[in-house]
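Structure first, then comments.
Atom set for the values below is all heavy atoms of this structure, side chains included, hydrogens, waters and symmetry mates excluded.
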Amino acid sequence: MRLALVLVLVLLVSLMVRLVWIQGIDPANAAKAAVDARTTTQVIEPVRGDILDSEGGVLATSIVRYDLVVDQRQVKATYTKRDPVTKKRVSVDAKDDVKALADALGLDEEAVSLAVFGKEGAAKKGYSVIIKSITPEAKDKAEDVGFPYLQAIQTSQRSYPNGTLAGPVLGFMQTQLKENTDAAGNKSTEEVSAGVEGLELSQNDALSGTPGERVYEKGADGVRIPSAPLTETAAVDGQDVKLTIDSDIQWRAMEAVMAKQKEFKAEWVNAVVMEAKTSRILALADSTSMDPNDPAATETRYRSSTTVTQAFEPGSTGKVPTFALALEQGAVSATSEFTVPNALKIGKETINDSLKHQKFEMTAAGVFARSYNTGTVQIGEKLSDQDRYDFMRKLGIGSKIDIGLNGANAGLLANYSDWERRQRLTTMFGQGYTQTTLHTASIMQAIGNGGVQVAPKLIDSYIDPDGTVHKTEDSATQRVVSEKTSATMRRMMETVVTDGTSTKMQIAGYRVGGKSGTAQAQGDDGKFDQHTSSFAGMVPIDDPQYIVVVTMQHPQGNWRSWTVGDTFTSIMKAVLAKNSVAPTTTEPNPFKVFVGENQNYGW
């Protein structure tokens with residue numbers, strides 16, 4: 001008995017010492033520890049910003065939705081709550097609330113019960129989902145049940161109201177698992193959405209916004225203590241991202257390239273539409289256009305725009321750098337005369353034209369118009385390899401074009417010192433290196449803009465939740481050729497359309513200039529048994545306002561029938577009509593193709 005008495009006295013003294021310490025010596029820390037044990041933090045998710053077209057039309061938006069969840073570790077089989085009628089606290093069986101929840105949400109009662117209580121014998125979950133992505137109205141119905149353990153987590157459901165329109169440009173969202181740890185060290189996981197492709201990925205920081213948080217105290221039963229302090233930091237919603245894309249032109253371009261892909265069973269067809277003075281991109285169209293609402297239905301490589309991801313040998317559109325540099329350096333003029341055979345031997349290499357033809361006496365402009373390789377290499381031989389390489393690099397070939405899209409392809413351009421014997425010749429007429437359709441458009445923009453190249457622009461501005469607009473920086477500019485060279489090149493491009501390879505690209509009432517291209521391309525087996533066909537043009541040629549470039553990869557059938565001329569004219573007509581561009585009042589002014597008066601030689 002004495003031993004028992006001593007032990008009791010020791011325990012009592014220990015308790016007294018502890019009470020003195022807690023209440024007298026260190027009450028602040030004790031209170032803080034108690035509050036910390038009761039405190040829980042709930043993240044308030046911001047609403048993701050919209051992606052808008054050039055006129056403010058919504059291309060991507062977020063719809064507010066809620067996930068209903070419970071912490072199974074806190075749920076009690078019975079608990080007390082205040083009766084809304086009598087105001088007295090009454091005992092409640094949790095199963096009754098589960099049934100009421102199931103009825104309010106139209107769910108199976110057994111499924112709701114499993115989410116709330118967990119499987120018998122299994123570890124309780126700290127984050128158990130009853131139902132995902134419900135409307136605010138459904139959330140209110142569920143909360144009216146008064147189940148104290150229920151939490152409504154705000155989420156955003158991404159919606160793309162225009163379906164496939166600009167889908168590969170917009171990209172898409174994907175759900176990922178995120179691990180959370182509460183104040184007590186308990187870990188749980190939740191599903192969060194993040195951009196994984198296109199603008200949804202590259203502009204994620206601007207679109208996402210900043211999460212807020214709600215901090216409150218809860219009792220032992222897991223229910224918030226009504227009288228305890230509540231602190232809340234509001235979430236900052238994401239910015240809207242406004243693009244230069246014109247939805248009407250984007251749709252028309254998409255329809256046109258889809259029709260062309262179907263006509264020739266091509267691997268893909270794409271188009272870039274750009275303002276000639278500013279390089280603002282009005283359309284990036286793909287023949288395989290992903291629906292961001294269902295990205296899994298589209299092959300992986302087409303979930304990004306081929307206009308920036310797919311590089312190819314440009315073919316004769318790649319003659320533009322050779323002729324432009326030759327004019328700029330004064331190596332030739334548009335009327336310089338050349339003897340142009342069907343085949344030309346240079347050193348140990350023989351260069352051929354695609355069609356056999358008689359030997360012609362031609363102007364440099366005529367060589368460009370009829371796109372003869374044999375004449376082009378004669379002009380290219382007047383330039384040093386280093387000068388040609390440096391000029392091609394200056395135009396952007398071999399460098400990524402950053403317009404705010406991931407996966408941009410730089411293309412391939414070997415240093416001139418590494419060019420093989422034949423490659424130094426083929427680079428003169430668009431083979432032996434690769435570039436994207438956007439590269440081609442950028443080069444044509446420089447020619448159409450008086451020799452000044454403006455970096456392409458896709459993102460116009462960022463708009464804060466309060467409506468404040470932040471314009472993006474002006475695009476970088478550089479002069480690549482003189483105004484005189486630009487004017488001569490444009491006149492040569494008009495000759496291509498009036499008397500050269502691209503007469504089908506004429507548009508009634510407007511002066512058109514451009515350059516066609518056909519290049520050999522590798523098939524899946526690595527053999528050069530496929531082709532790439534393209535046309536890059538501008539209107540009106542005397543004062544270019546718009547650039548349209550169309551590229552078709554691996555068309556099937558007879559190469560003589562391949563043309564993207566109707567695709568170009570269809571898109572350009574839509575651009576001219578949308579922007580009310582007045583018809584040209586001046587007459588075409590092409591160069592002579594052949595030396596002498598006779599201009600009617602056959603092909």
Mind checking whether Phe535 and Phe568 have parallel, tilted or perpendicular rings, split at 30° and 60°? perpendicular

Kindly list each side-chain donor-acceptor pair under 3.5 angstrom involving residues 323-332, sequence neighbours excluded, with atom names and distances?
unit_1, atom_1, unit_2, atom_2, d
Glu328, OE1, Ser482, N, 3.0
Glu328, OE1, Ser482, OG, 3.2
Glu328, OE1, Thr485, OG1, 2.5
Glu328, OE2, Ser482, N, 3.3
Gln329, NE2, Asp387, OD2, 3.1

Results of side chain to side chain contact (heavy atoms under 4.5 Å, CB included) for [X] - residues two or more places apart only:
X      : result
Ser561 : Phe264, Asn558
Thr306 : Trp268, Asn270, Asp286, Tyr302, Thr309, Gln310
Thr61  : Asp50, Val58, Ser159
Gln522 : Phe528

Going by the rule ring-ring contact (aromatic ring centres under 6.0 Å, His included), which residues pair with [X] if we only count those two or more places apart in sequence or in a different chain?
X      : value
Tyr160 : none
His554 : none
Phe594 : Phe360, Tyr601
Tyr462 : none

Could you give me the CA-CA distance, side-chain angles and deciding distance for Thr317 and Thr440, then say whether side-chain hydrogen bond (donor to acceptor under 3.5 Å, both in side chains) is met? CA-CA 8 Å; Thr317 54; Thr440 305; 4.8 Å; no

Do [Y] and [X] meet the salt-bridge criterion of a basic N to acidic O distance under 4.0 Å?
X      : Y      : result
Arg491 : Glu494 : no
Arg424 : Glu381 : yes
Asp566 : Lys260 : yes

Checking Arg490 against Ser486 for the side-chain hydrogen bond (donor to acceptor under 3.5 Å, both in side chains) test, could you report, in this order, the C-alpha distance in whole Å, the side-chain angles of both residues, the deciding distance, and whether it holds? CA-CA 6 Å; Arg490 294 200 307 272; Ser486 169; 2.7 Å; yes

Any salt bridge (Lys or Arg N to Asp or Glu O under 4.0 Å) pairs touching [range], not counting sequence neighbours?
range            : value
residues 400-419 : none
residues 431-449 : none
residues 535-559 : Lys277-Asp543

Just by distance, do the side chain of Arg303 and the backbone of Pro295 share a donor-acceptor pair under 3.5 Å? yes

Walk me through it: do Arg393 and Asp390 pass the test salt bridge (charged side-chain N to carboxylate O under 4.0 Å, His left out)? CA-CA 5 Å; Arg393 289 288 298 175; Asp390 289 344; over 6 Å; no

With Lys457 as partner, the option from Asp474, Thr244, Thr472 fulfilling side chain to side chain donor-acceptor pair (under 3.5 Å) is Thr472

